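To keep things clear, I will list the structure first and then write my remarks on it.
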Amino acid sequence: MPLAENFFDSDTFALTRNLAGFFVVVFWLATAFWVLKDARRRIDDPWLVAMAALLGLFPPFLGPIVYLFVRPHDSIEERLDRELENRALEERLAERDLRCPVCRGQVDASFLVCPVCTTRLKQACASCGSPLEPIWQVCPYCATSVPPGSTTSDDVLQPLRVRRSS
Ligand SMILES: [Zn+2]
Ligand SMILES: [Zn+2]
């Protein structure tokens, strides 16, 4: 086929081949760069990031696909966010987990007395009857000032708050 041979020898073919090769290389580097960027968002360990970057380069195009399968599901930021959320939730639960100092029955922060053993837990506001924290100098619910000495000297519930070690 003289025509085809002619075409394959022509400058047009050489140019097309070079252009195609150029685009393949650019695409290869772009995918590798994307892997590097994505790995840095998701992986903390610099060695693992370096390995992911290598995988992005070799084998070309296949490496990034493999990376997609093995990469961590969440970004570092998302993991930190979730950790903070969990800690806040735990703290809120710990706050709620109040127990009577005498009978260890579960009590609420708003209880004035323990419903199980009738131990006095908090003083009530003289005006509105709301439970007062020992350090309060004024009732936050009705703005009546709390006379000094009218609340228990220390919060009986405080030492019994369950603190989870984080
Ligand atoms: Zn009790
Ligand atoms: Zn009050």
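Counting starts at 1 for both ligands and their atoms, following the listed order. These numbers come from a predicted model, not from an experiment. For this chain, numbers begin at 1 and follow the sequence in order.
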*asked:* Given the Zn ion (ligand 1) as the apex, I'd like the angle to SG of C114 and SG of C117, rounded to 10 degrees.
replied: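 Answer comes to 110°, rounded to 10°.
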(Q) Can you check the angle at the Zn ion (ligand 1) formed by SG of C100 and SG of C103? Round it to the nearest 10°. (A)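 Taking the Zn ion (ligand 1) as the apex, the two atoms subtend 110°.
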**Request:** Determine, for K122 against E133, whether the closest basic-nitrogen to carboxylate-oxygen distance falls under 4.0 angstrom.
**Result:**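 Yes, K122 and E133 are salt-bridged.
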* Asked: With a 4.0 Å cut-off, would you call D74 and R82 a salt bridge?
  ->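 Answer for the salt bridge query: yes.
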Subject >> At the Zn ion (ligand 2): angle between C139 atom SG and C125 atom SG, to 10 degrees >> reply: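 The angle at the Zn ion (ligand 2) comes to 110°, rounded to the nearest 10°.
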Out of curiosity, T31 OG1 to D38 CG, how far, rounded to the nearest 0.5 Å?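 Those atoms lie 12.5 Å apart.
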Quiz item: Once the angle between the rings of W34 and Y67 is folded into 0 to 90°, is it parallel (under 30°), tilted (30 to 60°) or perpendicular (over 60°)?
Solution: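 It falls in the perpendicular class, over 60°.
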